[in-house]
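The structure's right below; bear with me while I get my questions together.
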Number of protein chains: 2
Amino acid sequence: MPNFQVPDVVISRLPLYLRALTALAGAGQKVTSSKELGERLGMSAAQIRKDLSHFGEFGKQGMGYQITFLRTKLGKILRVDRVWDVALVGMGDIGHAVVRYQGFAGRGFRIALIFDSDPKKVGQIAGDLTILAVDRMAAEVKARRVQVAMLCLPGQHAQSVTNILVQAGVRSILNYAPVNLSVPAAVRVQYIDPVIELQRMSYYLHK
Amino acid sequence: MPNFQVPDVVISRLPLYLRALTALAGAGQKVTSSKELGERLGMSAAQIRKDLSHFGEFGKQGMGYQITFLRTKLGKILRVDRVWDVALVGMGDIGHAVVRYQGFAGRGFRIALIFDSDPKKVGQIAGDLTILAVDRMAAEVKARRVQVAMLCLPGQHAQSVTNILVQAGVRSILNYAPVNLSVPAAVRVQYIDPVIELQRMSYYLHK
DNA sequence: TAGATTGTTAATCGATTAACAATC
DNA sequence: TAGATTGTTAATCGATTAACAATC
């Protein structure tokens, strides 16, 4: 029975379910169960069933879940049943790796605009896109109605670029710069900082 | 008053406190408060005080926290008051970006070993390290007693490489491959998958 | 001192799990 | 049918917050 307001922690797990279902489908499997998914993802079967129950009834008692059907449903819920244009800002090493990354295809996103502040980089081609000057960022993002951005630039510029992007209509920001961003409540930010992740594990190391 | 067992969710926030303190110190600030930290990190002051209280009393009533002192304490708690050698596996685009990333310095980690399975890459220099064959991984990781690894390789090889690394003594794995890894309970894994992060936000987009 | 802010307690809030009727 | 597994409820568990005495 669909609920009014779904907890954020539930939403944050749906992409993991989607990824696991895609892996199972790729291995040729047609049906799965909350038990199998839970084992693959290291979580309880009850939690998976509870999470899914926020959105509807996707399985059959005794039978489990049709993988293709559940993938489609989750894709719609997460709004990745379309392709979102993404603006990438900063063409250093990380920006280059992100542009060349093959993993976006078929998962709901495509890099559609690339910006850099370095005049030497502006005008160069990356992937099949021309690198544009950051000066043009607000205008281009508005014109293309881009709502998603990835920041691959040094920390000291991240906040000012963010302010421009938000002003231009961006509502989801994936930030590779190792700084916390301040944004309005309507804008969401996710962070990728490998050192943060390593430090979350080093607490448990010995020697 | 130090507690016996600190919740994992508390540990996972400490690196964020450390990063914020480093930013404040870099701006020349000497003292901060749970209120200021909370505002910068988008969380409540009470939560920060509660988290810190698991490990000791680091502030003074009415005064707040000496930034240098608290940084040192958090560094020790997280065991980044030393430099951990990291083994990097896979020298594709992501591996290259990670090797060249300047952000590890001074935060507790250094890439000490690089492996790739491609004979054309083996023997090449990356940073100041020679790329070694994956065949030698178990021996080198054991010999150097490396406990931390980063996986920058295609998903289909991630689990088999993980098995070798764990067997060789690795206990922390940062996985850039978009697959869930199965590891013994004593081994910790963190994941970096930009698409997962984007999908966690697209749920909240409209249009 | 007066004001500020800590560390800690207790209350609140929310998330996870266990259990099971429903049913494929 | 018998066995399996769902969706859901209620209980449990854990995390966050509010409040405040202590004290710098």
Side-chain angles (χ1 to χ4, degrees), chain A residues 1-17 20-21 24 29-74 77 185 200 203, chain B residues 1-17 20-21 24 29-74 77 185 200 203:
Chain A
M1 203 176 301
N3 264 13
F4 177 61
Q5 169 69 351
V6 180
D8 193 68
V9 66
V10 172
I11 301 301
S12 78
R13 284 191 292 260
L14 300 186
L16 301 174
Y17 303 160
L21 290 167
L24 288 169
Q29 201 169 316
K30 300 295 179 209
V31 175
T32 188
S33 65
S34 59
K35 181 162 177 285
E36 181 179 52
L37 278 174
E39 280 162 7
R40 285 183 77 102
L41 292 169
M43 55 202 304
S44 77
Q47 179 162 78
I48 290 171
R49 294 200 303 276
K50 187 103 222 284
D51 284 355
L52 295 178
S53 76
H54 286 92
F55 303 97
E57 308 191 354
F58 304 129
K60 291 215 197 321
Q61 281 96 328
M63 305 272 86
Y65 303 91
Q66 286 290 133
I67 288 174
T68 306
F69 177 76
L70 185 53
R71 272 178 86 189
T72 304
K73 288 294 188 182
L74 288 178
I77 292 165
R200 284 175 171 162
Y203 174 82
Chain B
M1 201 177 299
N3 263 15
F4 177 61
Q5 170 68 351
V6 180
D8 193 68
V9 66
V10 173
I11 301 302
S12 78
R13 285 191 292 259
L14 299 186
L16 301 175
Y17 302 161
L21 290 167
L24 288 169
Q29 201 169 316
K30 300 296 181 209
V31 175
T32 188
S33 65
S34 59
K35 181 163 177 285
E36 183 179 50
L37 278 173
E39 280 162 8
R40 285 183 76 101
L41 293 169
M43 55 202 303
S44 77
Q47 180 162 76
I48 290 171
R49 295 200 303 276
K50 185 105 224 281
D51 284 354
L52 296 178
S53 76
H54 286 93
F55 304 98
E57 308 191 355
F58 303 129
K60 292 214 198 321
Q61 281 96 330
M63 305 271 87
Y65 302 92
Q66 285 290 133
I67 289 173
T68 306
F69 177 75
L70 185 53
R71 271 179 86 190
T72 304
K73 288 294 188 183
L74 287 178
I77 292 164
R200 285 174 170 160
Y203 173 82

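Each chain gets a letter, A, B and so on, in the order its sequence line appears, and its residues count up from 1.
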- Query: Does the side chain of A:S34 get closer than 4.0 angstrom to OP1 or OP2 of D:dT6 through an N or O atom?
  - Reply: yes

- Whole-Å distance separating the NZ atom of A:K60 from the C1' atom of C:dA22: 14 Å

- Just how far, in rounded Å, is P of C:dG7 from NZ of B:K73? 12 Å

- Message: Side-chain N or O of B:R49 versus OP1/OP2 of C:dT6: is the shortest distance under 4.0 Å?
- Response: yes

- Message: Rounded to whole Å, how long is the line connecting atom CG of A:L37 with atom P of D:dG7?
- Response: 12 Å

- Nearest whole angstrom, please: distance from the P of C:dA18 to the CD of A:Q47. 11 Å

- Task: Take atom NE2 of A:H54 and atom C1' of D:dT8, then tell me their distance rounded to the nearest Å.
- Result: 11 Å

- Task: May I ask you to decide whether A:K35 forms a salt bridge with A:E39, counting only side-chain N to carboxylate O separations under 4.0 Å?
- Result: yes

- Query: For the pair made of CD1 in A:I48 and C1' in C:dT17, what is the distance, rounded to whole Å?
  - Reply: 13 Å

- When every non-hydrogen atom of A:Y203 is compared with those of B:I77, the smallest separation belongs to CD1-O, 3.2 Å

- Query: Closest to the B:K50 side chain: D:dT5, C:dG7, C:dT9?
  - Reply: C:dT9

- Query: Do A:T68 and A:K30 have side chains that get closer than 4.5 Å, going by heavy atoms?
  - Reply: no

- Item | Counterpart base for C:dT12, defined by Watson-Crick or G-U wobble contacts under 3.5 Å | D:dA15

- Task: Rounded off to whole Å, could you give me the CD-to-P distance for the A:E39 and D:dT5 pair?
- Result: 11 Å

- Reckon A:V9 touches a base, only the sugar-phosphate, or nothing at all at heavy-atom distances under 4.0 Å? sugar-phosphate

- Between B:Y65 and D:dC24, does any side-chain N or O lie under 4.0 Å from OP1 or OP2? no

- Query: Would you call B:F55 and B:V10 a side-chain contact if the rule is heavy atoms closer than 4.5 Å?
  - Reply: yes

- Side chain proximity check, B:M43 to B:I48, heavy atoms < 4.5 angstrom: yes

- Message: What is the distance, to the nearest angstrom, from the CD atom on A:E36 to the C1' atom on D:dT6?
- Response: 15 Å

- Which residue, A:S44 or A:G62, contacts DNA chain C at a nucleotide closer to its 5' end, judged by nearest heavy atom? A:S44

- Message: What contact category does A:K35 fall into here, base, sugar-phosphate, or nothing, at under 4.0 angstrom with non-hydrogen atoms?
- Response: nothing

- Between A:Q61 and B:M43, just flag the one whose closest nucleotide in DNA chain D comes earlier from the 5' side. A:Q61

- Message: Counting only side-chain heavy atoms from C-beta out, which of D:dT9, C:dG7, D:dA18 sits nearest to B:S53?
- Response: C:dG7

- Query: Watson-Crick or G-U wobble partner for D:dA22, using a 3.5 Å limit on both distances?
  - Reply: C:dT5

